[in-house]
Amino acid sequence: MNAIANFQAASVEDLLSAAQRLRQGIPGDLHEHVVEAIYGDAARIADRAVTRPGAPARPAVDRTIDRIVTSRVWGFPIMLVLFTVVFWVTISGANVPSQMISSVLVDRLYPWLRETAASVGLPWWLRGVLIDGMYLATAWVVSVMLPPMAIFFPLFTLLEDLGYLPRVAFNLDNLFKKAGAHGKQSMSMMMGFGCNAAGVVATRIIDSPRERLLAIITNNFALCNGRWPTQVLMATVFIGCLAPSHLGGLTAAVAVTAVAALGVGMTFLVSWGLSRSVLRGEVSTFSLELPPYRPPRLWQTLYSSLIDRTIFVLWRAVVFALPAGAVIWLFANVRIGGVSLANYAIDWLNPVGVLLGLNGVILLAYIIAIPANEIVIPTVLMLTVMVTGMTGLGHGAGVMFDLRDEATLKTLLQAGGWTTLTAVNLMLFSLLHNPCSTTIYTIYKETGSRRWTVVASLLPLALGVVVCAAVAAVWRWLG
Amino acid sequence: MSGWLFLAGLAVVAFPALVWPRRGLLARWRASLAWSARVHREDALKHILKCEANQEVPTLISVAGALQKGQRQVAALLADMEAHGLVSFSDGRLRLREPGHELALHVIRAHRLWESYLADQTGVAEAEWHRQADRQEHLLSPQQISALAAALGNPTRDPHGDAIPDATGELPAEPGQPLGATEINTPVMITHIEDEPEAIYAQLTAQGLRAGMKVCVLEKSPERIRFWADGREHVLAPIFANNIAVSALREFRPADLFEEEYLAGLQRGQVAKVIGLSPACRGAERRRLLDLGFVPGTSVEVDLVSPTGDPTAYRVRGTVVALRREQAGLVRIATERRIAA
Amino acid sequence: MNTSASTSLSTTAAPPSKVCADCQVYRAARLKKLGVAVDKWDYIVALAGNPNTGKSTVFNALTGLRQHTGNWPGKTVTRAEGGFEYAGRRFKLVDLPGTYSLLSTSVDEQVARDFILFGRPDVTVIVVDATRLERNLNLALQVLEITDRAVVCVNLIDEARRHGVQVDDRQLARDLGVPAVPTSARHGEGLPALLEAVSEVASGRLICRPHRLAAEPPAIRDAVRELRARIQAAYPHLPNVRWLALRLLGGDEHIAEALRRGEFAGLETESRLEAADASDAQPQLTVP
């Protein structure tokens with residue numbers, strides 16, 4: 001038996017050395033010879049099997065559509081209109097269901113849960129952790145996150161199934177090429193406006209390693225759905241009022257758009273920088289196939305995008321929101337020497353916060369609300385009430401809440417020491433800070449690398465700190 | 001008193017920093033000396049082996065030239081190498097002895113494999129290949145080199161067209177003659193681009209010259225050589241041109257070279273056949289283009305042009321594939337007009 | 001992500017929607033979708049194909065799972081598995097990453113190739129896009145060089161019709177030497193025939209004589225011939241000698257390593273296929 005094995009091993013080595021010797025004598029590229037031969041056969045076989053009874057190579061309609069959507073005149077306007085419609089439908093369509101879910105989960109179910117828990121006789125701290133903390137944070141994330149995603153993702157998926165998105169990548173590639181990136185990054189970026197975690201997953205369509213890493217690392221600069229409310233709130237309450245009242249709304253809108261545009265600018269800038277420094281050594285190939293248009297299957301699309309994207313992202317967010325809710329509640333309620341942990345933390349963070357033109361409350365909120373950007377504002381409000389000691393607002397320590405009345409909100413925040421600078425820098429910091437933990441986890445899953453996860457997490461944070469500190473310094477110097 | 005105390009404290013801190021094994025300044029200084037001695041020794045061996053392979057006679061002066069060191073220093077180096085049994089002087093000739101030959105072969109193999117690795121498996125810019133390989137060649141062990149060769153699919157040629165030698169055996173001679181020595185108007189092919197000295201090599205690659213390209217000299221004078229390569233004209237000083245080795249291409253006419261067409265130049269409405277991919281298209285990129293159907297004989301035409309003029313989508317093998325302009329510039333084609341002619 | 005999401009939800013896989021309730025798959029009534037619940041199986045079926053050919057749609061249609069599909073090359077990155085029962089037999093279906101080729105060295109291609117070669121699937125279903133047949137045949141022919149148990153699924157036949165393209169599947173089957181079934185997986189069209197073909201090949205009732213490259217390219221002919229002779233001497237019953245010779249000439253260390261470990265010895269088949277590898281043999285489909 002052993003002899004046979006030995007004989008086989010010897011013959012294998014013979015075989016391999018013969019192969020090694022023979023390949024020295026092959027002229028040119030073997031791969032090329034083989035592929036050429038295979039394509040030769042493929043062409044012959046396809047030719048015999050395929051008949052086109054009088055039809056052109058591609059249907060005239062598809063060709064005309066392609067000419068229009070990639071034309072010099074119409075290419076960009078069509079893109080702009082389509083995406084504006086998608087975002088408009090998402091934002092305006094999400095409001096109503098968002099409030100419905102919120103009224104059920106927060107306004108009805110939450111008090112009922114509290115009462116039930118009290119009547120069952122749960123100790124107050126357990127009630128706090130479970131209901132005020134975990135339940136409320138999760139309910140918040142679901143009500144803010146679910147409706148826009150349930151609208152945005154199916155719409156996006158419809159465009160995808162139709163085959164329009166590769167044309168967008170085709171149109172925008174030159175722009176991305178200048179930043180060292182791939183045209184398909186426009187897609188993951190667009191997706192990032194819905195949710196960064198989904199955007200990171202969407203980078204899978206980029207098959208070149210370097211460009212894919214770029215798209216993953218810079219995805220966070222696309223202002224996600226969870227950060228829009230922060231932007232809108234700050235812009236309407238603090239910036240809109242700087243302009244004459246009839247222009248208030250417009251000014252606020254311009255401010256928010258400017259921040260989103262800054263994010264896009266950052267995407268290009270950081271892509272450019274990274275592709276010329278850290279990522280220089282990664283392999284880069286470009287290929288972009290433009291598939292034929294296919295009429296999408298409406299119901300299948302809705303179903304699969306709901307399952308694959310919306311529920312998936314939501315589930316990850318919920319998993320991270322549960323412990324965060326508990327942490328937030330505990331921070332506000334665990335007291336050492338009569339002072340809550342949150343108060344200690346805010347005192348420590350305040351000097352840094354002031355240096356950045358923010359304050360300790362905001363920094364603490366960003367630290368403990370890392371699982372989802374959606375709960376940053378409720379946490380900020382809760383903490384501000386706690387710090388200022390205002391009465392008649394909110395529901396007590398550790399219980400997040402929202403205010404729908406702008407005037408009260410402004411009074412509260414001003415009592416907390418907020419100025420226009422704070423609002424501006426909060427808008428900037430909301431754009432430029434570490435991705436939420438859902439996204440960080442997704443980045444780790446997609447890259448499989450700790451190094452790139454750390455880079456993707458800390459780079460935006462570092463940029464945010466620098467930008468905020470600079471703005472604060474200039475602001476104070478001018479004013 | 002306090003002054004003494006300070007000095008004593010300083011000594012306590014400084015002494016270990018100076019003599020600490022492996023991390024101390026002294027150890028580092030010795031390591032760097034040993035490193036540079038090793039680099040010089042291996043570079044000298046490399047030079048001698050290359051001379052032997054090309055039937056040239058290595059001398060003290062030529063070694064000093066290759067190492068860019070003084071002759072006295074090199075003489076000491078060679079004496080040391082002789083003492084270690086790497087080289088021998090007999091009949092006034094410098095020769096490699098067996099261990100020296102083996103080591104030199106290893107270093108050259110390491111260098112060329114590392115360049116192949118950089119070219120095929122990373123996105124490192126071409127201008128940096130040589131410099132990085134020049135460092136790695138002294139660091140890699142024979143086992144690492146074998147593993148690298150295996151991972152690369154045991155390539156036989158490095159990106160400059162040089163043969164990668166086996167771990168044992170001989171270094172093949174570099175084929176071809178210097179570009180400066182070729183006749184005017186005779187098509188030749190680049191077989192090798194010498195990567196020493198680095199400044200000249202960097203200039204040649206910056207001009208886009210690669211092994212495997214077809215070249216035709218248009219004009220020669222003591223000051224400059226004007227030639228055609230890969231679809232455009234180049235001008236080089238003779239000292240540069242002589243670092244390019246070429247060999248004859250019999251079946252080509254000069255006209256074939258001048259009329260070479262590239263996919264990037266294809267106009268809307270024209271149909272063309274792919275002739276092949278330029279040698280400058282390498283690694284993953286080359287394989288991808290082949291797999292997508294850009295193989296010789298494939299018919300291509302322009303389907304769509306991006307609003308900004310780049311990229312362009314081509315119809316190929318019944319599909320529509322977009323290529324950037326630089327990529328399309330690497331695909332050689334013949335338009336129908338020429339096929340007819 | 002696709003796998004995790006669809007895995008967790010597969011147990012609640014929706015009842016057949018209206019669209020599919022009257023399609024042929026259900027009328028056939030011999031198909032039972034098993035989702036991910038395949039612990040015991042009679043046959044393994046691999047699903048290979050170019051990116052964006054509707055491979056995932058075929059997978060979903062057969063298993064009842066909901067892998068996300070999109071009109072984009074490269075949606076399925078990970079390997080997905082599912083199962084179905086047909087005519088009393090349990091099949092495990094493995095969806096391989098979509099690739100343009102099996103010759104290059106990217107991770108996707110290696111995963112796909114290794115599974116077809118060493119995973120020893122009973123049938124490899126090669127999904128090709130009817131509207132882009134020529135390019136898709138590049139991969140199909142490469143797969144047929146490796147394995148002799150294959151079925152070609154000419155998908156997106158509805159799109160082809162819309163584009164005015166007709167595919168003669170009988171001619172294709174004759175030329176490729178394996179069954180070729182026109183389907184439109186999105187509409188459930190042609191799936192009964194596909195299942196039938198898969199089950200015929202899996203059970204050995206149908207013996208394929210797959211197309212092998214008509215001739216080696218002249219530049220490498222001698223080298224291939226010599227190496228083939230040597231391989232044949234060492235492994236007389238290997239079904240894919242020429243392919244192996246080409247891989248070794250290409251310096252594929254992955255394959256050389258497998259050879260050293262003796263994995264190819266296990267791939268030798270009974271004598272029924274010996275002749276199939278001779279490059280001059282006409283491919284043909286034998287239906288008993």
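These numbers come from a predicted model, not from an experiment. Note on naming: letters A, B, ... go to the chains in the order of the sequence lines (proteins, then strands), and numbering restarts at 1 for each one.
Of the candidates A/Arg63, A/Arg67, A/Arg167, B/Asp303 forms a salt bridge (charged side-chain N to carboxylate O under 4.0 Å, His left out) with just one, namely A/Arg63.
Residues A/Asn171 and B/Ser306 share a closest heavy-atom pair of O-OG, 3.5 Å. Between A/Tyr39 and B/Asp291 the shortest heavy-atom distance is OH-O, 2.8 Å. Shown here for A/Glu36 and B/Pro296, the closest heavy-atom pair between the two residues is OE1-CG, 3.5 Å. Scanning all heavy atoms of the two residues, the minimum distance from A/Asn174 to B/Pro311 falls at N-CD, 4.4 Å.
Between chain B and the residues A/Leu172, A/Asp207, A/Thr70, A/Leu279, the largest count of heavy-atom pairs under 4.5 Å involves A/Thr70. Chain A forms the most heavy-atom pairs under 4.5 Å with one residue out of B/Asp310, B/Val321, B/Thr319, B/Leu289, and that residue is B/Asp310. Most heavy-atom pairs under 4.5 Å with chain B, from the set A/Asp173, A/Leu175, A/Val35: that is A/Asp173.
Remark: B/Thr312 engages no residue in a side-chain hydrogen bond (donor to acceptor under 3.5 Å, both in side chains) (not counting sequence neighbours).
Interatomic distance, NZ of A/Lys177 versus CZ of B/Arg325, reported as 6.5 Å (0.5 Å rounding).
Around the CZ atom of B/Arg135, the shell of radius 6.0 Å holds no more than 12 heavy atoms that belong to other residues, nucleotides or ligands. Counting heavy-atom neighbours within 6.0 Å of A/Arg450 CZ, excluding the residue itself, gives a total of 12 or less. The local environment of CH2 in A/Trp272 is sparse, with at most 12 non-hydrogen atoms from other residues, nucleotides or ligands closer than 6.0 Å.
Heavy atoms closer than 4.5 Å to chain A are found in both the backbone and the side chain of B/Leu292. Residue B/Gln327 touches chain A through its side chain alone, counting heavy-atom pairs closer than 4.5 Å. In this structure, chain A has heavy atoms under 4.5 Å from both the backbone and the side chain of B/Arg324.
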